[in-house]
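We count ligands from 1, going down the list as the structure has it; atoms in each ligand are counted the same way.
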Amino acid sequence: MNSDELFQRARQTIPGGVNSPVRAFRSVGGTPFFTESARGAILTTADGKDLIDFVCTWGPAIHGHNDPDIRAAVAEALDKGTSFGTPGPLEVEIAEAVVSRVDSVEKVRMCNSGTEATMSAIRLARGYTGRDKIVKFIGCYHGHVDSLLVQAGSGALTLGKPDSAGVPASFAAETLLCAYNNFEAITELFSKYGDQIAAIIVEPYPANCGLILPLEGYLAHLRKITQEHGSLLIFDEVMTGFRLAMGGVQEREGITPDLSAFGKVIGGGLPVGAFGGRAEIMDYLAPDGPVYQAGTLSGNPLAMAAGLAALKKLDSGVFQNLEAAGAKISEALRSEAKRQGIPLTINQAGSMFALFFNPDPVRSFDDVQKSDTERFSRFFHAAMKEGVYLPPSAYETCFLSTAHDEDTLDRAIESLVAALRTSA
Ligand code: KE4
């Protein structure tokens, strides 16, 4: 069956025909393709088309798809069984791997998604501080946690539903909203509610409304103001963790959060989330402490094997190469857009970059909103025609992998340059 046939069939039994809304292409229009297989930087669709992939399954595929070392690790684990429901040796190994790579993490708990990781981290922060309010930033997305689906980014924003139905007002009432990169706004919020705030949860580089980078000193300001008010600072590094540096953004920026949420890369393509931080806080978790958190498949041996293999393949050379690749493609597109007189701003950090059809710098969610999303949709489809798959939303971020080698990058740049021209 081809993608269209599969999609029609899928819509009979799966809501919207997809298992995650952003895959439905609603914001860019058209119908989604189905992937038959993936290898390296290439997705092969059910229509037999090869696409250079800049979504990388939304981040996990930092080593490219179907990496042989990850496959071998999963195969070896598979020989021993798929799930035990008891502690297993791989859980200890991956916990030690995380603790040795992220300075702020002394203890870590595995779960099954980024959503579980952020949900558990905010429950832990509330349990540890005895406070109820949480601060999140407009346009940031932390998974589909009830209390965080408030002016959220990613698929919620893509579908124009930043505040989901089904979230009781009483849940959202404990969530305070603030504009990212606005020093005064967060200072004012804490002057009003400081002693009620359990934590700030922040994507240190917001990447669910395109990619925004912090103004000089902003993350340090969040660190300082939370310390001053006895609140915790939670870095949601589900996207950036183990991708933008071994220790994520907190290593790049030299900021030590109290708790961090992880996902994506840490699972090597299998369902894994994790959250970690100072032992003094993490020990509030059951069974030692009063904050309950659990999961049947948490620490699943196959997922641990994939995640461990993915972490072991990361070294400084990988991050240097990814940084260079990200800079190369961003610079090439910026200069081409300039040559063609197209208003295009690209924010890039390491192997993540976002394209905004906007003549001005994009440093806040308000700036993002001024970008031409219709133009992005035309560009998306023009890129698809040229054999390049970008995230199907102007409110997402592109990802590179180590499989995007020189030749693949050059081909992709050529295709994207052509797509800029044909979608003008
Ligand atoms: P998951 O529950 O989807 O594993 O992770 C939620 C999450 C938490 N925090 C951040 C910073 C995230 O980016 C995400 C999920 N990212 C989206 C892509 N923007 C996943 C794609 C999707 O929803 O299908």
**Study point:** Glu237 to ligand 1, any heavy atom closer than 4.0 Å
**Key:** no
**Study point:** Expected output: side-chain Arg131 to main-chain Ile197 donor-acceptor under 3.5 Å
**Key:** yes
Between [X] and [Y], is the gap from one ring center to the other below 6.0 Å?
X      : Y      : answer
Phe137 : Phe365 : no
Phe25  : Phe380 : yes
Phe262 : Phe275 : no
Phe33  : Phe7   : no

With heavy atoms of [X] as the reference, note each atom of ligand 1 found under 4.0 Å away.
X      : value
Ser154 : 17 (C), 18 (C), 19 (N)
Gly143 : 6 (C), 7 (C), 8 (C)
Ser20  : 22 (C), 23 (O), 24 (O)
Val22  : 22 (C), 24 (O)
Met239 : 13 (O), 18 (C), 19 (N)
Ser113 : 2 (O), 4 (O)

Looking at [atom], what's its closest protein heavy atom, distance included?
atom                    : answer
atom 16 (N) of ligand 1 : Lys264 NZ, 3.0 Å
atom 9 (N) of ligand 1  : Asp236 OD2, 2.7 Å
atom 2 (O) of ligand 1  : Thr115 OG1, 2.6 Å
atom 18 (C) of ligand 1 : Glu396 OE1, 3.5 Å

Exercise for review: On the 0 to 90° scale, with breaks at 30° and 60°, tag the Phe190-His229 ring pair as parallel, tilted or perpendicular.
Suggested key: tilted
Exercise for review: Could you check whether the rings of His221 and Phe183 sit parallel, tilted or perpendicular, using 30° and 60° as the cut-offs?
Suggested key: tilted
Below 3.5 angstrom, do we get any N/O pair linking [X] and ligand 1?
X      : answer
Asn208 : yes
Glu203 : no
Gly114 : yes
His142 : no
Thr118 : no
Trp58  : no

Review point. Is there a protein heavy atom less than 4.0 Å away from atom 23 (O) of ligand 1?
Key: yes
Check your understanding: Quick one: do Arg39 and Asp53 make a salt bridge, cutoff under 4.0 Å?
Key -> no
Exercise for review: Evaluate the side chain to side chain contact (heavy atoms under 4.5 Å, CB included) criterion for residues His63 and Ile70: first the C-alpha distance (whole Å), next the side-chain angles of each, then the deciding distance (0.1 Å), finally the verdict.
Suggested key: CA-CA 9 Å; His63 302 297; Ile70 294 174; 4.1 Å; yes
Review point. Could you give the distance from CE (Met239) to CD (Glu237), rounded to the nearest 0.5 Å?
Key: 12.0 Å
Practice item. Tell me, with the steps shown, if Phe376 and Phe356 meet ring pair (Phe, Tyr, Trp, His ring centres under 6.0 Å). Key: CA-CA 8 Å; Phe376 177 86; Phe356 303 93; 9.2 Å; no
